[in-house]
Chemist: 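I'd like to ask you about the structure that follows.
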Protein chains: 2
Amino acid sequence: MKSGSSPTMKDVARESGLSLATVSKVINGLPVGKESRRLVEEAIDKLGYHVNAYARALKSSKTNTVALVLPSLKHPFFAHMADELTASLTSVGYRSLLMITNYDRQAEQTCFSMVRNNLVDGIIALTYNPHLKVDESVPIVSIDRHLGENIPCVSSDNYYGGELAAKKLLELGCRKLLFIRISSHTPGEPNKRFSGFENVCQAQGVEYEAILLHDDESTEPIFRFLEEHVVGEHPEFDGIFCNADSLAGKVLRFLQQHGVDVPGQVQIIGYDGVPDFFADQYVCSTIEQPLSQITQTAVRLLLNPDESSIGLNVCLPVKYIPGSTTKD
Amino acid sequence: MKSGSSPTMKDVARESGLSLATVSKVINGLPVGKESRRLVEEAIDKLGYHVNAYARALKSSKTNTVALVLPSLKHPFFAHMADELTASLTSVGYRSLLMITNYDRQAEQTCFSMVRNNLVDGIIALTYNPHLKVDESVPIVSIDRHLGENIPCVSSDNYYGGELAAKKLLELGCRKLLFIRISSHTPGEPNKRFSGFENVCQAQGVEYEAILLHDDESTEPIFRFLEEHVVGEHPEFDGIFCNADSLAGKVLRFLQQHGVDVPGQVQIIGYDGVPDFFADQYVCSTIEQPLSQITQTAVRLLLNPDESSIGLNVCLPVKYIPGSTTKD
DNA sequence: AACAATATGTTAAACGTTTTACACATGTTG
DNA sequence: CAACATGTGTAAAACGTTTAACATATTGTT
């Protein structure tokens, strides 16, 4: 073994007096004589041998690495997602290659191209680019968005989540509902939250209004709307559903600063259900996404594509979590 | 090219009628005839060739990948750190291999062993294990902790941060200070926050007390202490310095729930300076760590170890950020 | 005692790059 | 016109594994 560089299987073979193939077998847990195994293991210990992942990947075209393509880690929901995905992957012997896109379509495309045909065994992605060119040569699992006919997608039950929020608000005595939605320009599963919400309102003949904000715009218009229709003695709306806790947090703060009593006059329900790390509690009443289930399912779907028990598209149950912004 | 598998340099060579070596030169931007370059590039486009990162890494022992070893992404500070580290690395053509340790010493060791001698070109780590065996064969940059004589460490100016907090509280009229510290069992740079704090108090002859909580313990004892010495008509302490915003957030909430007027009766300063994502503002008055500088320095230090302008140990300036928990 | 059958090892050819040493024109110089 | 620098391209040997195909030793069966 040349000093400075690390020991290879060849060195182990020489040290143990056995052949390269035998060493390989020991390393990979293939059947090998008891005595030989001992000799090889001793040599490995003595030399401090570690398998070279790159040589192995080259030969076996198996990298044991999965790319995680996420918009940002500044949003706690995505940060938690990355945390749990990595944990899931680690527990089954995989590594995570982290790629952050900053919600940029070009960057998303770059990620998908970079991993083309090598580098990773699969991709778990949460993307927005509607024209994403996906290469079928690498298995992909998408979160919250359909990327193509054959690409598995896992999401929470957004439609039901929307229904649930509307139902809860009505149950809690609200008479006129407001849906505030911040959304990308891309059609994705989360848009179904609105359908569910609308459906309940219409079925129950309840008045409602919905305002939409694109994620590349300022939140100003929303605040102006609130100022005009909610702030004051007699708010026009007494129940607000926001399609993200982060948005709900801002709405809550704005209303509080403008003297609106939450949940007294107006009740608010958000979506996502990531606890606020600092306060160690939920920011507001919310529809909680089953984050652990989502990540675990994504990993399973990616690594066992044939496991027929899970479908191609998985929709996981959401749960209502009462918090400080509703009367329950 | 066999169908199903991806094209290799060999295929490109055949397609372009040139040799393997020439193709390699084109790919790596080495000098090559104009016409040859064109032919090769055409063939690459036509076949959709992508270089195999593993073969390249094997041959050149350069992976263009850096391991990020962090305790968790559930804590926004670390999440932001991962986000920015990845951005920095991406901007210079590197990839991030994400490894989460969950503050577990064994897991930390596993990470350090896994990357041994291959897999990555370097490690950026924030660890707690005091007995971490580090292998000098891979360049390491440590954050907030000295890992060894030759291992660069980058941190914020913790000592000055502690001083600053004490000075500010005194400036704002506090008479008796409380330092609440949550800490791992490992001696690390952040412990200097206390020294700085203590130093100012002693120099100015101000009364103070410090309580310590290990990060594997419940926060109960702290709450009991607060209940006994702070809650009530006449709080014994009128200025509290917490060595983390997350801790400060909990203290703040506890005091508010028990009727203490913050910042009226008691003022609080935290440490870290990560804005609360939901509220879109700082949780409390705080000593802000220069996160971007930390991450950028870590990356520079890792990739240009010889650049003598940066020292082996870098200590970056902190800043006081007034917030809702102090009177300024 | 002869011969399968089985257990255990070995040899050598891949995997897809990079890179050193070399070959061959072509043009330049004394 | 020999001698030589220069510009371009090629051949072939690595890098450290995995794995098929093969060799040899061991055991059991008649």
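Residue numbers start from 1 in every chain, and the chains themselves are labelled A, B, ... in the order their sequence lines are given, proteins ahead of strands.
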Chemist: What residues, two or more places apart in sequence or in another chain, satisfy ring pair (Phe, Tyr, Trp, His ring centres under 6.0 Å) together with A/Y54?
Modeler: B/Y54
Chemist: Rounded to whole Å, how long is the line connecting atom CD of B/E35 with atom C1' of D/dG9?
Modeler: 14 Å
Chemist: Rounded to whole Å, please give me the gap between CZ in A/R14 and P in C/dT11.
Modeler: 14 Å
Chemist: Between B/L58 (CG) and C/dT19 (P), how many Å, whole number?
Modeler: 12 Å
Chemist: Using the ring pair (Phe, Tyr, Trp, His ring centres under 6.0 Å) criterion, which residues pair with B/Y94? Sequence neighbours excluded.
Modeler: none
Chemist: Cut-off 3.5 Å, no hydrogens considered: what does the side-chain donor-acceptor table look like for residues 22-31 of chain A, sequence neighbours left out?
Modeler:
| residue | atom | partner | partner atom | Å |
| --- | --- | --- | --- | --- |
| A/T22 | OG1 | A/S19 | OG | 3.2 |
| A/S24 | OG | A/N28 | ND2 | 3.4 |
| A/N28 | OD1 | A/R56 | NH2 | 3.2 |
| A/N28 | ND2 | A/S24 | O | 2.8 |

Chemist: Please list all pairs passing the salt bridge (Lys or Arg N to Asp or Glu O under 4.0 Å) test where one or both residues lie in residues 147-156 of chain A, with sequence neighbours left out.
Modeler: none
Chemist: Rounded to whole Å, please give me the gap between CG in A/D11 and C1' in D/dC15.
Modeler: 13 Å
Chemist: My understanding is that only residues two or more places apart in sequence, or in another chain, count here; which of them pass ring pair (Phe, Tyr, Trp, His ring centres under 6.0 Å) with A/Y49?
Modeler: none
Chemist: Among pairs that include at least one residue of residues 18-46 of chain A, which meet ring-ring contact (aromatic ring centres under 6.0 Å, His included), considering only residues two or more places apart or in two chains?
Modeler: none
Chemist: Among residues at least two apart in sequence or on other chains, which ones pass ring pair (Phe, Tyr, Trp, His ring centres under 6.0 Å) with B/F77?
Modeler: none
Chemist: Flag yes if more than 12 heavy atoms outside A/K133 fall under 6.0 Å of its NZ atom; otherwise flag no.
Modeler: no
Chemist: For DNA chain C, which residues of residues 38-46 of chain A approach it to below 4.0 angstrom with any heavy atom?
Modeler: none
Chemist: Which pairs, protein N/O on one side and nucleotides 17-19 of chain D N/O on the other, fall under 3.5 Å?
Modeler:
| residue | atom | partner | partner atom | Å |
| --- | --- | --- | --- | --- |
| D/dT17 | OP1 | A/Y49 | OH | 2.7 |
| D/dT17 | OP1 | A/N52 | N | 3.3 |
| D/dT17 | OP2 | A/M9 | N | 2.9 |
| D/dT17 | O5' | A/Y49 | OH | 3.1 |
| D/dT18 | OP1 | A/N28 | OD1 | 3.4 |
| D/dT18 | OP1 | A/R56 | NE | 2.7 |
| D/dT18 | OP1 | A/R56 | NH2 | 3.2 |
| D/dT18 | OP2 | A/S24 | OG | 3.1 |
| D/dT18 | OP2 | A/N28 | ND2 | 3.1 |

